[in-house]
Every structure is written in structure tokens, then in C-alpha cells.
Amino acid sequence: MDFMPILANGEKLAREITKGKSGGPKKLPYTYEEAKKRLTNDINNISNEIKAHSELYLENELIINIRMAENFIAKSYIPNIFNKKESMEFVGARIYNRKVIENKEIKSKLYFVKCSKDNLDWFMNDLNIDNFNESQIKQLRSIEKVDILNAEEKTLGFDEKKDEYEVEIVLHPLKYEKKLALTRLKSYLEEGSVIKEYDNGPIFILAKVKHENMFNISKYNFLRTIHPVREINLPELRTFKGSDLPQVPKDEEINNKIKIGVFDGGANEENIYLKPYLKNYNLASLPAEKNTLQHGNAVCGTVLYGEINKYKSKDQLPVPKCLVESFRVLPEKNLYEVIDNIENIVNTREDIDVYNISFGPRGPILDDQINRFTYSLDKLALKNKIFCIAVGNDGNVMKPFNRIQAPSDAVNCIGVGAYSKFDDEIYRAEYSCIGEGREGAKLKPDLLAFGGDERNLFQAISLDGTSRLMTAGTSFSSPIVASKVGEITQISEELDPIMARTLLIHSAHKELDNGEEEGFGILEDNVENIIKCSENKVTILYKGFIIPSRCIKLPIPLPNILNQSGNINFSWTICTLTDVSTLDSDLYTNSCIEETFYPNSNMFSFTKKGEKAVKVDIINQPELVSELQSLGYKKSKNPIGDTAKRRNELQRRLDYKWDTISRKTNGKKIDGVNNPFLIISALSRDEGDLRKVRFSVAITVEIKKYNGNMYADILNKYDVLAPIQIEQQVEQEIHQITEN
């Protein structure tokens, strides 16, 4: 049977539609009189605090907290009265309390508001004369408290006592009194602090601070958070004498020009295994060190060849499918210098779309803070770049310290963990950090790839290219995934980096049945399996842009199934690229795509107030339709969906609805399916946000007992669909494999 590539152009079947709204208002926790009394008392307390400690505040840029009642976390409950009244301005948000009651997550949120002392006086006057409209009164009734963030709430992650800390200090966005704020901080910082600002974002400061000065810094009102910057630890590398490497590849030029960028400790350009396929650039201000150079060299070799465990010494390595551009960014005097170098390269190298980062500061991510490294990579990914990032090697320590490490918590990137294999059993490598990730990417790591462990060490290429390097770590599972992304993008011009990310997630297979450990699953190692269909299993690709508040219908192509029997299985994966906000750790992703599956285009719901809804096949039950309509029933706007409809903000969170990746499966009896489709809708955190959201979708349909060739039948029925156009060299390789 000839090779059957996955089908492209699914978006040509799509059309924009409208979708009915659902949900209703939530009961407010306080009456207006109760809210007024509480707020009056709160603002008086704030005013007294400012008078008593004026040196801790900026006169025209005060930061106050609006603490919402429990579970008032949706954007519809944002107290806009503080953003629009008397020039007050929102400058961020975070969760201030979370708990689980009867298996339900309860969250409480606060909003940071920047204002002046005059603003507080004006607001107090409005409270005295009840100068609020109906909508504003509802907002006030959902507020738990207004106060100032205390010092303990600003210091995060200091689990060990030291004489001196290297820290990242995050200041709220300041405009008028930024210079004064920095001057006040300076006396508590050691020499060599680095300041980094982003448009419309907070101010990041990397600095060294004596233990005795920590409390003085945390008392400043303009400080959002201060957290430690931990050291970068690289895995131990061991060379065993006598473990000869496989033979170098044939002296053949790589026909494709796919380049993988590697940010690490550099590489040995004279290594005979790397030299034909690698360029090295020294960006770090400090000289190279053996351990970092050895690490970077092994990572680059892994991009080119994967793990060499599978090759015997007499075997000849295959010609790599990509080239490596190695950027030495380690060692460096501080992390901000590393991030600066990464930003400069990604912003200038338009010829590289895929990057690997196998290092990061040690320590678990924290829900209520975003660090600069994560934020930077998420913003860079919007340029349609893919970063594969190791999740860290502390998976065997006590919870929550075994949680994934920055910057693998980035929502637009691929966080890679490690599995190992022994006696034909696949398992998460004990050291591989686990999820959850942060809001917007809760299901982390995204994928597991082979990283080895003590029972089955990862074999890489040594620095001098004379022996096998024996090691283990997520440092080496990540470049395997990066290589696969590059390999997929060179197969066809129709497979860009975001589609490659979609296909890797879509094709991953579950081995552990534990999302915290394996995310979406184990990497499919054979690229041919990722891009092929069969006679009873077909994958269709869709890509495009969607505007928030709009909906797009994605028909799922099927052949004529009237004469078929049994079950039909649907699976789909949706990936999006979203802008991010470091101002709000709880609403970090600015947008997402929510999908609803409709298995039967003829099945509608008829409803009447006070009566139970009735499901009706409007094609096969026309008499029932007429009867219900005569009784006052109304037909639903869309067919009956197979996804829960009345989901509030909290329910969406528990279902990972704000995540940038959605992977679902759904099985049906064939006789219950008719012209199935997905409706995808873009959700935005910001009212009036009309920025397009980029999406990529892969949908697979499988009928195991299909009588005939479903792949050919779908192509005959839908002339807009076409197999992806595979590059000639790749097509020849596939033909050679299938013939053998």
C-alpha cells in the first residue's frame, strides 16, 4: 500500500458562525450597606497606614489591593470601577488564597490598583454620598476587602536561610515616580544590580541582597514580589573508557537546511561527529568551562543523532536531518545576561524557528509569580518560534519542590520531561520534574522523551568525540523533541512550527496514565507515524486565526457511513499561541480557544420554561418538531453538543480551558453520527480585545471495521482536501522504508 500522508486544507471547509450564550449571574456575597461600611473602614485604615509610614509609599503611585470574595475570579467580576473612576489604574492581579473543599478548588483573587492619595479621598467622598450606578454597586458588593499587600505576601520561595541572596525583584509598573522608587531601593542592593523593563509591564531587577535587608525591601509599597534566583545545575556527565562510539556518518551533504538553535554551554567545533553539521557562536562574557562545554556539546550531539544507545560501535550513524547553530550563553555572570543574549539571537535570526534550552534556575515554579525568563520566551514564541525546554531534574525531592522549573512553565513552549526504559517497561525517570504547570499550561510537562536513568544511562557524544558520554537528565530528552520538531517542519512547507507542536502532542501515547508525570504522553519517535494515515484512520489538519468572541465551525470530514457498523472514534488536538501578561499570574494567558464537539448535525434540543428539554432528530422526526413548536418549545441555536455547556470560570480552569493546548477523544456508535463538527471559539481576558488568535488543529477519525478505504473515500468526497506536499527527499526516504 502506498504511503498515505495526513490531509491538509481542513480550514477551507470552515466557516464563521454565531453561538448561543449560557450562564447566569452569581449571587453577591454582601449588601450595598455592608459593602459600604467595610470599604469605608478599609480606606480609612489605608490612609492611616500611609500617614504613619510615608517613606514606604509613592505619593502619586500608591498600590492598593482589591481582594475579591471567594470564587469571584472571572473577568466579568473584575471591579472596573477602580480602573475607570478618577484615573485609577489596574496594574496586575494574583490569587491570594486557594483551598480545596469537597474536591472543589476554591480561589480568592486580588487586583492591584495604582492610584494617588487624592484618588482615595475622592473615592471616600463617593462612598459618603452614594455616587455609584447600579453596575458599580454590584462590583462593590463582591469585594471582600481593600488593603495594602503585606511584606510576607511579597517574599516567595525563600526556603533556606543565607547571609546573601541573589534575587529577582519585581516592581509594579511605574511611570511618574520610577526614578524615586529605584533610588529608595538602591541603598539595600549590593553592587551590580541589573534592571530590565518591558512595555506596559513590570520592572524586573536582578540583584544581590543581604539577609538583613530583605525585610526592608519587602516593606516598600511599590514592590510586587521578591524571590530567589537559584543556581543553574547541570547533570553529571561520565565517560566510560572502552565504550566506543558508532562510526561517523557517510560524507554526504544535508539536503535540507533546517536549523535548530541550541542555547547552552557551547560545543567543540572540531569534534568529527559535529563538525560538518554545526556552527558555534560564543556569546557569553565569561570564558568557557569544561563542564558547561561538555554539556552543550552533548546536547548538540543529541539534536543531531538522538540517544546513541541504539547504535553499536560497528554501526554507522545516519546523516543528521538538520543543522545545529550552537550559541554559547553559559557560563555567565548572571541570568539576565543569558536572557538578553537569547532575546537578541531570536529577534535577529529569522532563519531559525526551533530552539532548545536545556538549563534554567533550579527550584519549583510558584503560582503567584512570573519570572522574566518564562515571560521572555512566551513573548518570543509569538514570532512563530518553538522553544523546547527541559523541565528540570528535581523530580525525586519532596512535593512541592519536585514541580517543574522555569522557564519550562512557558505556555507557548514545549516543556519536556524524561522517561527511561528497563526490562521493556517505560516509566518516568525518577529525577524528571512533574506538574502541575501554571495557569495557561497546567498540564505539564507537555511530553516525555528518553532521558535515561541509573539502570539505563543516556549515551551521548563526548567532548573530544572519542567515546560515549554516560549520563541522564531532562537536558537530553529536550533536544530529542527539538530535533523532532525540526524534522517535521522540513517534511512539508505546510507544517510550520505550531503545526509541528500540534502533531507531536496529537501523536503522543499515554504510558503512565498520570498527567502530572507524563503530560500529554510519550513522544512518538517515528516521524513517519506522525504524518501518515491508513485505510481506516485519517487525520485532517486545520490552521488559521480567530478573533475573540467569534466562533468557527470546523466540519469533520467523513465518507458515506450509512452502510458501516460499529464504533467511530474521534480525537483532536488544538494548539494556540497567546499573548501573555506578567501583571496577572492567574490570568497569564490573555486568550484561549474553547471547543465543543457536535457528533450529530440533526440532533437538536427543544426547550420550554418549566419543562424538561427534549432531544429531537429534526430530519427523521419532523412530526415531533411540529408538535413541540405548537406547544411553545424553542429549538436550540446549534445541535446538541457533547461538551458540558454551562461552565463558569472555575469549571473552565479545572478542565484546563485556559491552557494553550487541548487534546480530547470521543467515541460514538456510527448510527449516532451525522455530519459531525467542532465549534471553536476564542475567549479573551480583556473586553474589546480584537487581536487575532493563531490556532492549529489536528483531528483524527478512526473506524476500525471500515468496509473499504476511508482515506480514498474522504479524498473523493471532499475535493478541497489534499495530502500534505512532502519534500522530494523525504518522500524518497519514506518510499525506501515502505519498500523494505
Side-chain angles (χ1 to χ4, degrees), residues 230-238 260 262-265 291-292 294-303 306-307 309 330 354-365 373-374 377 386-397 401-410 413-421 426-437 441 443-460 469-485 504-505 508 511-512 514-523 525:
R230 294 177 171 86
E231 61 184 355
I232 295 173
N233 281 355
L234 302 178
E236 180 184 357
L237 303 172
R238 291 172 285 175
I260 308 295
V262 173
F263 295 109
D264 213 287
N291 66 320
T292 52
Q294 196 172 41
H295 183 269
N297 192 84
V299 169
C300 290
T302 302
V303 171
E307 72 274 23
N309 304 47
L330 298 175
V354 184
Y355 292 91
N356 183 79
I357 297 176
S358 285
F359 64 90
R362 189 177 181 185
I365 65 167
F373 206 172
T374 295
L377 296 184
I386 289 290
F387 296 90
C388 296
I389 309 168
V391 299
N393 299 324
D394 282 338
N396 54 356
V397 303
F401 304 106
N402 61 346
R403 196 176 181 189
I404 64 167
Q405 301 174 357
S408 69
D409 58 327
C413 307
I414 302 176
V416 184
Y419 76 83
S420 193
K421 187 175 182 179
I426 290 178
Y427 50 91
R428 174 185 67 91
E430 187 181 31
Y431 58 78
S432 183
C433 287
I434 67 172
E436 288 184 344
L443 199 59
K444 286 278 185 175
D446 294 289
L447 295 166
L448 297 188
F450 181 71
D453 66 358
E454 286 294 334
R455 294 194 293 178
N456 185 11
L457 288 168
F458 188 100
Q459 298 179 19
L469 199 64
M470 314 300 282
T471 185
T474 57
S475 287
F476 308 106
S477 55
S478 182
I480 289 177
V481 175
S483 180
K484 286 291 180 289
V485 174
L504 284 182
I505 299 295
E511 292 283 349
L512 313 180
N514 186 329
E516 277 194 349
E517 292 195 5
E518 68 176 341
F520 292 101
I522 306 293
L523 174 74
D525 191 52

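Each residue takes its place number in the sequence, starting with 1.
The shortest distance between side-chain heavy atoms of Tyr419 and Phe450 falls below 4.5 Å. Using a 4.5 Å heavy-atom cutoff, the side chains of Ser358 and Pro479 are in contact. Using a 4.5 Å heavy-atom cutoff, the side chains of Met470 and Gln459 are in contact. Annotation: side chain of Ser432 is in contact with side chain of Val391 (closest heavy-atom distance under 4.5 Å). In this structure, Ile480 and Glu307 have side chains that are in contact, with non-hydrogen atoms separated by less than 4.5 Å. Asn456 has its side chain within reach of Asn309: a pair of non-hydrogen atoms, C-beta onward, lies under 4.5 Å apart. Side-chain contact between Val416 and Pro445 is absent, with no heavy-atom pair separated by less than 4.5 Å. Considering only heavy atoms from C-beta on, Phe401 stays 4.5 Å or farther from Asp394 through its side chain.
Taken from CD1 in Ile414 to OG in Ser408, the straight-line distance is 12.5 Å, to the nearest 0.5 Å. Taking CD1 from Ile389 and CG from Leu377, the interatomic distance works out to 5.0 Å, rounded to the nearest 0.5 Å. Residue Arg428 holds its CZ atom at 6.0 Å from CD1 of Ile434, rounded to the nearest 0.5 Å. Cys433 SG to Asn396 CG: the interatomic distance, rounded to the nearest 0.5 Å, is 8.5 Å.
Here the options are Val303, Val299, Asn356, the test is side chain to side chain contact (heavy atoms under 4.5 Å, CB included), and the partner is Ser478; only Asn356 passes.
In this structure, Phe359 and Phe373 have tilted ring planes: the angle between them lies in the 30° to 60° band.
In terms of heavy-atom proximity, Ala449 sits nearest to Ser477 at O-CB, 3.3 Å. The shortest non-hydrogen separation linking Ile365 to Ala406 is CG2-N, 3.6 Å. Shortest non-hydrogen contact noted between Thr374 and Pro407 is OG1-CA, 3.4 Å.
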**Item:** Lys444 vs Asp409, side-chain contact (heavy atoms from CB on, under 4.5 Å): CA-CA, chis, key distance, verdict
**Value:** CA-CA 8 Å; Lys444 286 278 185 175; Asp409 58 327; 5.7 Å; no
**Request:** In sequence, state the C-alpha distance, the side-chain angles, and the governing distance for Asp446 and Val481, and then conclude on side-chain contact (heavy atoms from CB on, under 4.5 Å).
**Result:** CA-CA 11 Å; Asp446 294 289; Val481 175; over 6 Å; no
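Every side-chain contact (heavy atoms from CB on, under 4.5 Å) that Ala298 has, sequence neighbours left out, goes to Ala460, Leu469, Phe476. Looking at residues two or more places apart in sequence or on another chain, you find a side-chain contact (heavy atoms from CB on, under 4.5 Å) between Glu518 and Leu448, Lys510, Glu511, Leu512, Ile522.
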